[in-house]
Amino acid sequence: MALSTQPVKGARDFYPEDMRLQKYIYAKWREVCERYGYEEYDAPILEPTELYLSKGNQEIINDQTYTFEDRGGRSMTLRTEMTPTVSRMIAGKRQELAYPARWYSIPQFWRYERMQRGRGREFYQLNADIFGIADLAADLEIIDMADAVMQAFGAKRETYAIKVNSRKLVDSFLTGNLGLDQTQADTARRLIDRMRKMDQPAFVAQLDAIISPSQRENGVGSRLLQFLETPTLNEIPEELLGNESVAELKLLLEKLGNNGVTNAQFDPTLMRGFDYYTDIAFEVFDTDPENNRSMFGGGRYDGLVSMFGVEPIPAVGFAMGDITLKLFLEAHGLMPALMPETDIYIVLIGEVADKAQAPIKQLREMGLNVAVDQTGRKPESQIKTAVKKGIGYVLFIGERELEESKFMLKNLHSKEEEAHSLERIVSIIKDYRKQ
RNA sequence: GUGUCCGUAGUUCAAUGGUAGAACGUCACCUUGUGGAGGUGAUCACGAGGGUUCGAUUCCCUUCGGACACCCCA
(Lines give C-alpha, C1' and ligand atoms only; values in the text may rest on other atoms or scores of the structure.)
Protein backbone atom coordinates (compact mmCIF):
# COMPACT_ATOMS: atom_id res chain seq x y z
CA MET A 1 0.00 0.00 0.00
CA ALA A 2 1.21 3.45 -0.93
CA LEU A 3 2.18 5.89 1.76
CA SER A 4 -0.39 8.56 2.46
CA THR A 5 0.32 12.05 1.21
CA GLN A 6 -1.95 13.59 3.80
CA PRO A 7 -0.74 15.33 6.93
CA VAL A 8 -1.66 13.63 10.19
CA LYS A 9 -5.23 14.06 11.32
CA GLY A 10 -6.13 17.52 12.42
CA ALA A 11 -2.82 19.02 11.35
CA ARG A 12 -2.01 21.14 8.33
CA ASP A 13 0.59 21.20 5.65
CA PHE A 14 1.69 24.67 4.72
CA TYR A 15 2.28 24.77 0.99
CA PRO A 16 4.11 27.88 -0.22
CA GLU A 17 0.90 29.83 -0.80
CA ASP A 18 -0.29 28.88 2.70
CA MET A 19 3.05 29.78 4.18
CA ARG A 20 2.90 33.15 2.48
CA LEU A 21 -0.29 33.94 4.39
CA GLN A 22 1.23 32.54 7.55
CA LYS A 23 4.26 34.78 7.14
CA TYR A 24 1.98 37.76 6.61
CA ILE A 25 0.18 37.00 9.86
CA TYR A 26 3.41 36.49 11.79
CA ALA A 27 4.82 39.73 10.39
CA LYS A 28 1.80 41.68 11.65
CA TRP A 29 1.96 39.99 15.01
CA ARG A 30 5.64 40.75 15.38
CA GLU A 31 5.21 44.29 14.18
CA VAL A 32 2.54 45.12 16.75
CA CYS A 33 4.28 43.37 19.64
CA GLU A 34 7.57 45.05 18.93
CA ARG A 35 5.82 48.38 18.57
CA TYR A 36 4.73 47.91 22.20
CA GLY A 37 8.22 46.96 23.29
CA TYR A 38 7.70 43.20 23.55
CA GLU A 39 10.65 40.89 22.99
CA GLU A 40 10.37 37.56 21.22
CA TYR A 41 11.21 34.30 22.97
CA ASP A 42 10.66 30.60 22.32
CA ALA A 43 10.84 27.31 24.21
CA PRO A 44 10.70 23.59 23.49
CA ILE A 45 7.49 22.17 22.12
CA LEU A 46 7.85 19.34 24.66
CA GLU A 47 7.27 19.90 28.33
CA PRO A 48 7.21 17.46 31.23
CA THR A 49 3.63 16.37 31.76
CA GLU A 50 3.76 17.61 35.37
CA LEU A 51 3.82 21.16 34.11
CA TYR A 52 0.24 20.77 32.97
CA LEU A 53 -0.80 18.37 35.71
CA SER A 54 0.01 20.86 38.41
CA LYS A 55 -2.73 23.04 37.10
CA GLY A 56 -4.91 20.30 38.39
CA ASN A 57 -6.91 18.96 35.53
CA GLN A 58 -6.10 15.31 34.98
CA GLU A 59 -8.93 14.90 32.48
CA ILE A 60 -7.45 17.45 30.14
CA ILE A 61 -4.12 15.64 30.19
CA ASN A 62 -5.71 12.26 29.58
CA ASP A 63 -8.10 13.25 26.86
CA GLN A 64 -6.79 16.32 25.17
CA THR A 65 -3.04 16.22 24.94
CA TYR A 66 -0.38 14.35 23.04
CA THR A 67 1.35 12.68 25.97
CA PHE A 68 3.92 9.90 25.72
CA GLU A 69 6.78 8.34 27.58
CA ASP A 70 10.24 9.13 26.27
CA ARG A 71 13.11 6.65 26.18
CA GLY A 72 14.15 7.70 29.64
CA GLY A 73 10.75 6.81 31.07
CA ARG A 74 9.70 10.42 31.53
CA SER A 75 6.17 11.50 30.69
CA MET A 76 6.29 14.23 28.06
CA THR A 77 3.49 16.35 26.66
CA LEU A 78 3.39 18.39 23.49
CA ARG A 79 2.62 21.88 24.66
CA THR A 80 -1.04 22.86 24.51
CA GLU A 81 -0.61 26.45 25.61
CA MET A 82 2.20 28.80 26.43
CA THR A 83 1.26 30.26 29.79
CA PRO A 84 2.78 27.49 31.94
CA THR A 85 5.92 27.52 29.81
CA VAL A 86 6.44 31.25 29.93
CA SER A 87 5.74 31.24 33.64
CA ARG A 88 8.38 28.53 34.01
CA MET A 89 10.87 30.65 32.09
CA ILE A 90 10.08 33.74 34.12
CA ALA A 91 10.33 31.82 37.38
CA GLY A 92 13.67 30.36 36.28
CA LYS A 93 15.30 33.73 35.78
CA ARG A 94 13.17 35.83 38.10
CA GLN A 95 16.16 37.34 39.89
CA GLU A 96 17.95 38.63 36.85
CA LEU A 97 15.14 39.83 34.64
CA ALA A 98 14.44 43.52 34.14
CA TYR A 99 10.84 44.18 35.11
CA PRO A 100 8.44 44.81 33.69
CA ALA A 101 9.26 41.97 31.30
CA ARG A 102 7.33 42.19 28.05
CA TRP A 103 7.56 38.97 26.06
CA TYR A 104 5.90 37.49 23.02
CA SER A 105 6.14 34.27 21.10
CA ILE A 106 4.49 32.52 18.13
CA PRO A 107 4.67 28.86 19.07
CA GLN A 108 2.99 25.83 17.63
CA PHE A 109 0.61 23.90 19.87
CA TRP A 110 -0.94 20.46 19.78
CA ARG A 111 -4.22 19.48 21.35
CA TYR A 112 -5.78 16.10 20.88
CA GLU A 113 -9.25 17.25 20.01
CA ARG A 114 -12.15 16.47 17.80
CA MET A 115 -11.94 18.89 14.94
CA GLN A 116 -14.54 21.44 14.03
CA ARG A 117 -14.69 24.77 12.33
CA GLY A 118 -11.86 26.96 13.47
CA ARG A 119 -10.25 24.27 15.55
CA GLY A 120 -7.67 21.72 14.57
CA ARG A 121 -5.24 19.64 16.55
CA GLU A 122 -2.29 21.72 15.56
CA PHE A 123 -2.22 25.50 15.50
CA TYR A 124 -0.09 28.53 16.10
CA GLN A 125 -0.79 31.29 18.57
CA LEU A 126 0.56 34.68 19.26
CA ASN A 127 1.26 34.87 23.00
CA ALA A 128 2.04 38.18 24.59
CA ASP A 129 2.56 38.67 28.31
CA ILE A 130 3.72 41.36 30.65
CA PHE A 131 5.26 40.39 33.98
CA GLY A 132 5.86 42.46 37.05
CA ILE A 133 3.03 44.98 37.03
CA ALA A 134 0.23 44.51 39.52
CA ASP A 135 -1.43 47.72 38.51
CA LEU A 136 -4.36 48.04 36.12
CA ALA A 137 -1.94 49.69 33.70
CA ALA A 138 -0.75 46.24 32.61
CA ASP A 139 -4.29 45.02 31.90
CA LEU A 140 -4.89 48.16 29.92
CA GLU A 141 -1.74 47.70 27.89
CA ILE A 142 -2.51 44.09 27.05
CA ILE A 143 -6.07 44.78 25.93
CA ASP A 144 -4.92 47.82 24.03
CA MET A 145 -2.35 45.70 22.25
CA ALA A 146 -4.86 42.96 21.46
CA ASP A 147 -6.95 45.67 19.85
CA ALA A 148 -3.92 46.99 17.97
CA VAL A 149 -3.38 43.55 16.50
CA MET A 150 -6.92 43.54 15.16
CA GLN A 151 -6.37 47.02 13.78
CA ALA A 152 -3.14 45.94 12.10
CA PHE A 153 -5.09 43.38 10.12
CA GLY A 154 -7.47 46.08 9.00
CA ALA A 155 -10.40 45.07 11.19
CA LYS A 156 -13.05 47.73 11.72
CA ARG A 157 -14.16 48.24 15.29
CA GLU A 158 -17.76 47.39 14.51
CA THR A 159 -16.67 43.93 13.35
CA TYR A 160 -15.38 42.82 16.72
CA ALA A 161 -16.17 43.45 20.35
CA ILE A 162 -13.93 43.22 23.37
CA LYS A 163 -15.81 41.82 26.35
CA VAL A 164 -14.29 42.45 29.72
CA ASN A 165 -15.04 41.02 33.14
CA SER A 166 -13.36 40.60 36.49
CA ARG A 167 -12.88 37.19 38.04
CA LYS A 168 -12.33 38.92 41.33
CA LEU A 169 -15.67 40.67 41.02
CA VAL A 170 -17.54 37.49 40.18
CA ASP A 171 -15.86 35.57 42.98
CA SER A 172 -16.53 38.19 45.58
CA PHE A 173 -20.13 38.46 44.46
CA LEU A 174 -20.71 34.71 44.51
CA THR A 175 -19.01 33.95 47.80
CA GLY A 176 -19.28 37.32 49.55
CA ASN A 177 -22.57 38.89 48.60
CA LEU A 178 -24.45 35.69 47.78
CA GLY A 179 -22.78 33.54 50.40
CA LEU A 180 -22.12 30.53 48.18
CA ASP A 181 -19.51 28.08 49.37
CA GLN A 182 -16.47 27.40 47.21
CA THR A 183 -17.92 24.32 45.53
CA GLN A 184 -21.12 26.15 44.71
CA ALA A 185 -19.20 29.08 43.36
CA ASP A 186 -17.07 26.86 41.10
CA THR A 187 -20.13 25.10 39.75
CA ALA A 188 -21.94 28.38 39.26
CA ARG A 189 -19.01 29.80 37.31
CA ARG A 190 -19.02 26.85 34.93
CA LEU A 191 -22.72 27.32 34.44
CA ILE A 192 -22.41 31.05 33.85
CA ASP A 193 -19.76 30.33 31.27
CA ARG A 194 -22.38 28.48 29.24
CA MET A 195 -25.23 30.91 29.90
CA ARG A 196 -25.13 32.56 26.47
CA LYS A 197 -25.52 29.19 24.81
CA MET A 198 -28.54 28.06 26.82
CA ASP A 199 -32.09 29.25 26.95
CA GLN A 200 -33.21 31.13 30.02
CA PRO A 201 -35.43 28.45 31.64
CA ALA A 202 -32.72 25.80 31.35
CA PHE A 203 -30.22 28.15 32.88
CA VAL A 204 -32.51 29.05 35.77
CA ALA A 205 -33.28 25.39 36.38
CA GLN A 206 -29.61 24.48 36.58
CA LEU A 207 -28.90 27.46 38.76
CA ASP A 208 -31.66 26.40 41.15
CA ALA A 209 -30.03 23.01 41.37
CA ILE A 210 -26.83 24.60 42.65
CA ILE A 211 -28.21 26.77 45.40
CA SER A 212 -29.81 25.56 48.60
CA PRO A 213 -33.47 26.19 49.51
CA SER A 214 -32.53 28.72 52.15
CA GLN A 215 -30.30 30.54 49.69
CA ARG A 216 -33.16 30.59 47.25
CA GLU A 217 -35.36 32.16 49.89
CA ASN A 218 -32.74 34.83 50.31
CA GLY A 219 -33.13 35.63 46.65
CA VAL A 220 -29.70 34.33 45.71
CA GLY A 221 -30.91 33.08 42.34
CA SER A 222 -32.65 36.25 41.33
CA ARG A 223 -29.82 38.43 42.60
CA LEU A 224 -27.37 36.45 40.53
CA LEU A 225 -29.58 36.68 37.47
CA GLN A 226 -29.90 40.40 37.97
CA PHE A 227 -26.12 40.68 38.10
CA LEU A 228 -25.63 38.53 35.02
CA GLU A 229 -28.04 40.65 33.05
CA THR A 230 -26.29 43.89 33.91
CA PRO A 231 -26.02 45.69 30.58
CA THR A 232 -23.37 48.22 31.59
CA LEU A 233 -21.36 48.99 34.68
CA ASN A 234 -23.61 51.96 35.41
CA GLU A 235 -26.48 49.56 35.97
CA ILE A 236 -24.60 47.25 38.31
CA PRO A 237 -26.74 45.99 41.22
CA GLU A 238 -26.69 48.31 44.20
CA GLU A 239 -25.12 45.74 46.47
CA LEU A 240 -21.97 45.89 44.31
CA LEU A 241 -21.65 49.66 44.13
CA GLY A 242 -18.85 49.72 46.68
CA ASN A 243 -16.92 46.83 45.12
CA GLU A 244 -13.48 48.00 44.08
CA SER A 245 -13.44 45.67 41.07
CA VAL A 246 -16.39 47.61 39.69
CA ALA A 247 -14.41 50.81 39.98
CA GLU A 248 -11.43 49.15 38.31
CA LEU A 249 -13.52 47.88 35.42
CA LYS A 250 -15.01 51.33 34.96
CA LEU A 251 -11.60 52.88 34.92
CA LEU A 252 -10.31 50.27 32.50
CA LEU A 253 -13.14 50.79 30.04
CA GLU A 254 -12.81 54.53 30.32
CA LYS A 255 -9.08 54.43 29.60
CA LEU A 256 -9.59 52.03 26.71
CA GLY A 257 -12.12 54.47 25.31
CA ASN A 258 -9.62 57.28 25.66
CA ASN A 259 -7.21 55.20 23.59
CA GLY A 260 -9.82 54.88 20.89
CA VAL A 261 -10.79 51.34 21.83
CA THR A 262 -14.49 52.10 21.74
CA ASN A 263 -15.71 48.54 21.28
CA ALA A 264 -14.84 47.27 24.75
CA GLN A 265 -17.75 46.44 27.00
CA PHE A 266 -18.49 44.88 30.37
CA ASP A 267 -19.90 41.36 30.25
CA PRO A 268 -20.59 39.74 33.61
CA THR A 269 -21.06 36.32 32.02
CA LEU A 270 -17.56 36.22 30.60
CA MET A 271 -15.68 33.54 32.53
CA ARG A 272 -12.92 32.41 30.24
CA GLY A 273 -12.33 29.05 31.80
CA PHE A 274 -11.71 28.78 35.49
CA ASP A 275 -8.11 27.91 35.89
CA TYR A 276 -5.44 30.46 36.53
CA TYR A 277 -7.09 33.81 35.88
CA THR A 278 -7.23 35.90 39.00
CA ASP A 279 -8.76 39.23 38.05
CA ILE A 280 -9.48 41.03 34.79
CA ALA A 281 -10.26 38.70 31.89
CA PHE A 282 -11.28 39.61 28.37
CA GLU A 283 -12.33 38.00 25.16
CA VAL A 284 -12.57 39.34 21.63
CA PHE A 285 -15.71 38.34 19.72
CA ASP A 286 -16.56 38.47 16.06
CA THR A 287 -19.74 40.56 15.88
CA ASP A 288 -20.80 39.01 12.58
CA PRO A 289 -24.00 37.08 13.38
CA GLU A 290 -22.82 34.32 11.03
CA ASN A 291 -19.64 33.87 12.99
CA ASN A 292 -20.47 35.17 16.44
CA ARG A 293 -17.71 33.36 18.17
CA SER A 294 -15.04 34.10 20.67
CA MET A 295 -11.83 34.55 18.75
CA PHE A 296 -9.27 34.96 21.46
CA GLY A 297 -8.72 36.42 24.86
CA GLY A 298 -6.56 36.79 27.89
CA GLY A 299 -6.36 38.17 31.35
CA ARG A 300 -4.46 38.45 34.57
CA TYR A 301 -2.89 35.40 36.19
CA ASP A 302 -0.96 36.64 39.16
CA GLY A 303 -0.58 33.27 40.82
CA LEU A 304 0.98 31.10 38.18
CA VAL A 305 4.64 31.96 38.53
CA SER A 306 4.52 31.00 42.21
CA MET A 307 3.65 27.45 41.19
CA PHE A 308 7.41 27.01 40.69
CA GLY A 309 8.01 27.61 44.35
CA VAL A 310 9.07 31.20 44.05
CA GLU A 311 7.49 34.45 45.08
CA PRO A 312 4.54 35.35 42.84
CA ILE A 313 5.05 37.74 39.96
CA PRO A 314 2.01 39.56 38.64
CA ALA A 315 1.26 38.74 35.02
CA VAL A 316 -1.22 39.68 32.29
CA GLY A 317 -1.33 38.20 28.85
CA PHE A 318 -3.35 37.16 25.85
CA ALA A 319 -3.14 34.62 23.07
CA MET A 320 -4.69 34.53 19.61
CA GLY A 321 -4.69 31.57 17.27
CA ASP A 322 -3.92 31.59 13.58
CA ILE A 323 -6.92 29.50 12.54
CA THR A 324 -9.62 31.66 14.07
CA LEU A 325 -7.85 34.75 12.87
CA LYS A 326 -7.89 33.44 9.30
CA LEU A 327 -11.60 32.73 9.57
CA PHE A 328 -12.13 36.29 10.70
CA LEU A 329 -10.01 37.74 7.91
CA GLU A 330 -11.89 35.67 5.34
CA ALA A 331 -15.30 36.54 6.73
CA HIS A 332 -14.56 40.26 6.68
CA GLY A 333 -12.74 40.49 3.37
CA LEU A 334 -9.40 41.23 4.99
CA MET A 335 -7.36 38.61 3.20
CA PRO A 336 -4.40 40.32 1.55
CA ALA A 337 -3.28 39.68 -2.00
CA LEU A 338 0.15 38.27 -1.40
CA MET A 339 2.99 38.48 -3.87
CA PRO A 340 5.56 35.76 -4.27
CA GLU A 341 8.97 36.48 -2.81
CA THR A 342 10.67 35.89 -6.14
CA ASP A 343 11.18 39.11 -8.10
CA ILE A 344 12.35 37.78 -11.41
CA TYR A 345 12.04 34.51 -13.28
CA ILE A 346 14.92 33.94 -15.68
CA VAL A 347 14.04 32.48 -19.06
CA LEU A 348 17.13 31.07 -20.71
CA ILE A 349 17.08 31.02 -24.50
CA GLY A 350 19.41 28.63 -26.23
CA GLU A 351 22.54 27.09 -24.75
CA VAL A 352 23.43 30.00 -22.49
CA ALA A 353 23.17 28.47 -19.02
CA ASP A 354 26.86 28.84 -18.29
CA LYS A 355 27.28 32.34 -19.65
CA ALA A 356 24.13 33.50 -17.87
CA GLN A 357 25.56 32.71 -14.45
CA ALA A 358 27.45 35.98 -14.13
CA PRO A 359 24.57 38.40 -14.73
CA ILE A 360 22.26 36.28 -12.58
CA LYS A 361 24.73 36.38 -9.77
CA GLN A 362 25.04 40.13 -10.12
CA LEU A 363 21.27 40.56 -9.86
CA ARG A 364 21.25 38.52 -6.67
CA GLU A 365 24.15 40.48 -5.24
CA MET A 366 22.26 43.67 -5.93
CA GLY A 367 19.44 42.37 -3.77
CA LEU A 368 16.96 40.76 -6.13
CA ASN A 369 15.35 37.39 -5.59
CA VAL A 370 15.97 35.54 -8.82
CA ALA A 371 14.78 32.11 -9.90
CA VAL A 372 16.22 30.47 -13.01
CA ASP A 373 14.07 28.12 -15.02
CA GLN A 374 16.88 25.62 -15.72
CA THR A 375 14.65 23.25 -17.70
CA GLY A 376 15.87 24.12 -21.17
CA ARG A 377 12.28 24.18 -22.36
CA LYS A 378 11.11 26.57 -24.99
CA PRO A 379 10.49 30.12 -23.79
CA GLU A 380 6.73 29.73 -23.91
CA SER A 381 6.76 27.00 -21.32
CA GLN A 382 9.19 28.87 -19.11
CA ILE A 383 7.00 31.98 -19.19
CA LYS A 384 3.93 29.97 -18.33
CA THR A 385 5.70 28.64 -15.29
CA ALA A 386 6.50 32.17 -14.16
CA VAL A 387 2.87 33.23 -14.67
CA LYS A 388 1.61 30.28 -12.72
CA LYS A 389 3.92 31.12 -9.86
CA GLY A 390 2.57 34.66 -9.86
CA ILE A 391 6.00 36.20 -10.38
CA GLY A 392 5.84 39.77 -11.66
CA TYR A 393 8.71 39.80 -14.10
CA VAL A 394 10.46 37.54 -16.54
CA LEU A 395 13.99 38.27 -17.73
CA PHE A 396 15.16 36.76 -21.00
CA ILE A 397 18.78 35.79 -21.29
CA GLY A 398 19.95 34.68 -24.73
CA GLU A 399 22.94 35.27 -26.93
CA ARG A 400 21.63 38.68 -27.92
CA GLU A 401 21.38 39.91 -24.32
CA LEU A 402 24.75 38.51 -23.33
CA GLU A 403 26.45 40.29 -26.22
CA GLU A 404 24.83 43.65 -25.56
CA SER A 405 24.77 43.39 -21.74
CA LYS A 406 21.18 44.52 -21.97
CA PHE A 407 18.50 42.11 -20.95
CA MET A 408 14.93 41.87 -22.10
CA LEU A 409 12.73 42.44 -19.03
CA LYS A 410 9.06 41.63 -19.36
CA ASN A 411 6.37 42.74 -16.95
CA LEU A 412 3.95 39.84 -16.86
CA HIS A 413 1.01 42.00 -15.78
CA SER A 414 1.33 44.77 -18.36
CA LYS A 415 2.98 42.45 -20.94
CA GLU A 416 5.40 45.26 -21.72
CA GLU A 417 9.01 44.43 -22.32
CA GLU A 418 12.18 46.40 -22.84
CA ALA A 419 15.91 45.78 -22.76
CA HIS A 420 17.76 47.27 -19.81
CA SER A 421 21.08 47.14 -18.07
CA LEU A 422 21.27 45.09 -14.90
CA GLU A 423 21.40 48.24 -12.76
CA ARG A 424 18.29 49.61 -14.39
CA ILE A 425 16.53 46.30 -13.89
CA VAL A 426 17.33 46.36 -10.20
CA SER A 427 15.87 49.82 -9.78
CA ILE A 428 12.73 48.92 -11.73
CA ILE A 429 12.16 45.87 -9.55
CA LYS A 430 12.78 47.74 -6.34
CA ASP A 431 10.22 50.34 -7.37
CA TYR A 432 7.76 47.57 -8.17
CA ARG A 433 8.24 46.03 -4.74
CA LYS A 434 7.16 49.23 -3.04
CA GLN A 435 3.74 49.15 -4.64
C1' G B 1 -16.52 10.68 23.84
C1' U B 2 -21.85 11.44 21.17
C1' G B 3 -24.64 12.65 16.76
C1' U B 4 -25.54 14.03 11.43
C1' C B 5 -23.52 14.29 6.57
C1' C B 6 -19.52 13.13 3.12
C1' G B 7 -15.04 10.23 0.41
C1' U B 8 -14.89 9.02 -7.92
C1' A B 9 -8.58 11.89 -12.07
C1' G B 10 -4.19 17.16 -9.43
C1' U B 11 -8.99 20.24 -8.73
C1' U B 12 -14.45 20.81 -9.29
C1' C B 13 -18.20 17.63 -10.52
C1' A B 14 -21.06 13.40 -13.29
C1' A B 15 -22.85 8.43 -14.33
C1' U B 16 -23.55 3.20 -13.30
C1' G B 17 -25.16 -3.87 -9.64
C1' G B 18 -21.81 -5.56 -15.71
C1' U B 19 -14.58 -2.42 -13.95
C1' A B 20 -16.13 5.08 -15.17
C1' G B 21 -17.09 10.64 -18.27
C1' A B 22 -16.54 16.03 -18.55
C1' A B 23 -14.51 20.69 -17.44
C1' C B 24 -10.36 22.98 -15.68
C1' G B 25 -5.16 21.52 -14.72
C1' U B 26 -0.57 19.12 -16.14
C1' C B 27 2.81 17.45 -20.18
C1' A B 28 3.89 17.32 -25.50
C1' C B 29 3.15 19.05 -30.33
C1' C B 30 0.85 22.59 -33.95
C1' U B 31 4.41 27.41 -33.07
C1' U B 32 12.92 25.45 -31.80
C1' G B 33 13.31 34.26 -28.78
C1' U B 34 7.91 35.45 -25.80
C1' G B 35 2.28 33.57 -21.44
C1' G B 36 -3.20 34.02 -20.67
C1' A B 37 -6.97 32.32 -27.17
C1' G B 38 -7.52 27.97 -30.36
C1' G B 39 -6.48 22.86 -32.24
C1' U B 40 -4.40 17.77 -31.65
C1' G B 41 -2.65 14.07 -28.53
C1' A B 42 -1.21 12.20 -23.83
C1' U B 43 -1.46 11.84 -18.46
C1' C B 44 -4.30 10.95 -14.15
C1' A B 45 -9.42 8.40 -10.02
C1' C B 46 -13.74 4.83 -7.66
C1' G B 47 -9.56 6.22 0.33
C1' A B 48 -8.55 1.17 2.66
C1' G B 49 -10.22 -3.68 4.31
C1' G B 50 -14.05 -7.24 4.69
C1' G B 51 -19.07 -9.04 3.44
C1' U B 52 -23.51 -9.94 0.11
C1' U B 53 -23.45 -11.14 -5.26
C1' C B 54 -22.11 -14.79 -11.15
C1' G B 55 -20.23 -9.78 -10.91
C1' A B 56 -19.58 -4.08 -6.19
C1' U B 57 -17.30 2.26 -7.66
C1' U B 58 -22.68 1.48 -6.63
C1' C B 59 -25.69 -2.38 -1.33
C1' C B 60 -23.99 -3.73 3.98
C1' C B 61 -20.13 -3.65 7.92
C1' U B 62 -15.47 -1.98 9.72
C1' U B 63 -11.60 1.33 9.34
C1' C B 64 -9.08 5.69 7.77
C1' G B 65 -9.86 10.60 6.27
C1' G B 66 -13.01 15.12 5.78
C1' A B 67 -17.26 18.70 7.21
C1' C B 68 -20.69 20.46 10.97
C1' A B 69 -22.84 20.46 15.81
C1' C B 70 -22.67 18.70 21.03
C1' C B 71 -19.00 18.10 24.94
C1' C B 72 -14.69 20.76 25.90
C1' C B 73 -11.93 24.90 24.97
C1' A B 74 -6.16 25.50 28.97
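Side chains included, hydrogens not; waters and symmetry mates left out as well; all remaining heavy atoms used. Numbers restart at 1 for each chain; the letters A, B, ... are given by sequence-line order, proteins then strands.
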- prompt: Reckon A:Gly10 touches a base, only the sugar-phosphate, or nothing at all at heavy-atom distances under 4.0 Å?
  reply: sugar-phosphate

query: P atom, B:G50 versus B:U58: distance in rounded Å?
result: 13 Å

query: Please walk me through it: do A:Leu249 and A:Ile280 pass side chain to side chain contact (heavy atoms under 4.5 Å, CB included)?
result: CA-CA 8 Å; A:Leu249 281 166; A:Ile280 302 288; 3.7 Å; yes

message: If I take atom CD in residue A:Gln64 and atom P in nucleotide B:C71, what distance separates them, rounded to the nearest angstrom?
response: 13 Å

statement: Only one of A:Phe318, A:Trp29, A:Tyr160 passes ring pair (Phe, Tyr, Trp, His ring centres under 6.0 Å) with A:Phe296, and that residue is A:Phe318

query: Given the P atoms of B:C30 and B:U34, what is the spacing between them in whole Å?
result: 12 Å

- prompt: When the distance from CE of A:Met307 to P of B:A74 is rounded to whole Å, what number comes out?
  reply: 16 Å

Euclidean distance, atom NZ of residue A:Lys384 to atom P of B:U26 [Å, nearest integer]: 8 Å

query: What closest approach, in Å, do A:Met82 and A:Ser105 show between heavy atoms, and which atom pair accounts for it?
result: CE-OG, 3.9 Å

- request: For A:Ile383 and B:C27, give me the distance from atom CD1 to atom P, rounded to whole Å.
  value: 14 Å

message: A:Glu404 vs A:Arg400, test: salt bridge (charged side-chain N to carboxylate O under 4.0 Å, His left out). Steps then yes/no.
response: CA-CA 6 Å; A:Glu404 297 170 6; A:Arg400 196 194 304 158; 5.8 Å; no

query: When you look at A:Glu399 and A:Lys355, which way does the salt bridge (charged side-chain N to carboxylate O under 4.0 Å, His left out) test go after all the steps?
result: CA-CA 9 Å; A:Glu399 296 291 350; A:Lys355 284 183 274 184; 3.2 Å; yes

query: Expressed in whole Å, how much space separates the C1' atoms belonging to B:G39 and B:C5?
result: 43 Å

- request: Considering non-hydrogen atoms only, spot the tightest contact between A:Pro84 and A:Phe308 and give its length.
  value: O-CZ, 3.7 Å

- prompt: Considering all heavy atoms of both residues, which atom of A:Gly221 and which atom of A:Leu207 are nearest to each other, and what is their separation?
  reply: O-CD2, 4.0 Å

- prompt: Heavy atoms under 4.0 Å, any strand shown: does A:Lys388 hit a base, just sugar-phosphate, or nothing?
  reply: sugar-phosphate

Can you tabulate the close N/O pairs, meaning under 3.5 Å, that link protein atoms to atoms of nucleotides 30-33 of chain B?
from: B:G33; atom 1: O6; to: A:Arg400; atom 2: N; distance (Å): 3.1
from: B:G33; atom 1: O6; to: A:Glu401; atom 2: OE1; distance (Å): 3.4
from: B:G33; atom 1: N1; to: A:Glu401; atom 2: OE1; distance (Å): 2.8
from: B:G33; atom 1: N1; to: A:Glu401; atom 2: OE2; distance (Å): 3.0
from: B:G33; atom 1: N2; to: A:Glu401; atom 2: OE2; distance (Å): 2.4

message: Please enumerate all residues that pass ring-ring contact (aromatic ring centres under 6.0 Å, His included) together with A:Phe285, with sequence neighbours excluded.
response: none

message: Between B:U12 and B:G25, how many Å separate the two P atoms, rounded to a whole number?
response: 15 Å

Separation of atom CZ in A:Phe318 from atom P in B:C73, rounded to whole Å: 22 Å

task: Decide yes or no on salt bridge (charged side-chain N to carboxylate O under 4.0 Å, His left out) for A:Glu341 and A:Arg20, but give the supporting numbers first.
output: CA-CA 9 Å; A:Glu341 295 78 8; A:Arg20 204 164 283 141; 3.4 Å; yes

B:A67 and B:U31, which share atom name C1', separated by this distance in whole Å: 47 Å

- prompt: For A:Lys410 and A:Ser381, take the nucleotide of RNA chain B holding the closest heavy atom to each; which residue's nucleotide lies nearer the 5' end?
  reply: A:Ser381

field: A:Glu417 side-chain proximity, nearest of B:C27, B:U34, B:C73
entry: B:U34

- prompt: Where do A:Gln125 and A:Ala319 come nearest, in terms of heavy atoms and distance?
  reply: OE1-CB, 3.5 Å

query: Taking the P atom of each, how far is B:C44 from B:A20, in whole Å?
result: 14 Å

- line: Residue pairs passing the ring pair (Phe, Tyr, Trp, His ring centres under 6.0 Å) test with at least one member in residues 385-407 of chain A, sequence neighbours excluded, are A:Tyr393-A:Tyr432

message: What's A:Arg377 touching, base or sugar-phosphate or nothing? Going by heavy atoms closer than 4.0 Å.
response: sugar-phosphate

- prompt: Where each pair must be Watson-Crick or G-U wobble with both distances under 3.5 Å, what dot-bracket representation of RNA chain B is obtained, with crossing pairs in [ ] and other-strand partners as |?
  reply: (((((((..((((....[..))))((((((.......))))))...(((((..]....))))))))))))....

- line: When rounded to whole Å, the NZ to P distance for the pair A:Lys9 and B:U63 reads 12 Å

task: Could you give the distance separating B:A23 and B:U43 at their P atoms, to the nearest angstrom?
output: 15 Å

- prompt: Just checking A:Arg79: base, sugar-phosphate only, or nothing, at a heavy-atom cut-off of under 4.0 Å?
  reply: nothing

- prompt: What's the verdict on salt bridge (charged side-chain N to carboxylate O under 4.0 Å, His left out) for A:Lys410 and A:Glu416, showing C-alpha distance, side-chain angles and the deciding distance?
  reply: CA-CA 6 Å; A:Lys410 176 163 190 164; A:Glu416 288 164 8; over 6 Å; no

message: I need the residues from residues 113-124 of chain A with at least one non-hydrogen atom less than 4.0 Å from RNA chain B; give them sorted by number, or say none.
response: A:Glu113, A:Arg114, A:Met115, A:Gln116, A:Arg117, A:Arg119

message: Give me the distance, rounded to whole Å, that separates B:U57 from B:A48 when you measure between the C1' atoms they each carry.
response: 14 Å

message: Need one value for A:Lys389: base, sugar-phosphate or nothing, where a base atom within 4.0 Å counts as base even if backbone is also close, heavy atoms only.
response: nothing

- line: Here the ring pair (Phe, Tyr, Trp, His ring centres under 6.0 Å) pairs for residues 101-122 of chain A, sequence neighbours left out, are A:Tyr41-A:Trp103, A:Tyr66-A:Trp110, A:Tyr66-A:Tyr112, A:Phe109-A:Phe123

query: A:Lys415 has an atom NZ; how far is it from atom C1' of B:U34, in whole Å?
result: 12 Å

message: Distance check needed: B:A74 P versus A:Tyr66 OH, whole Å only.
response: 19 Å

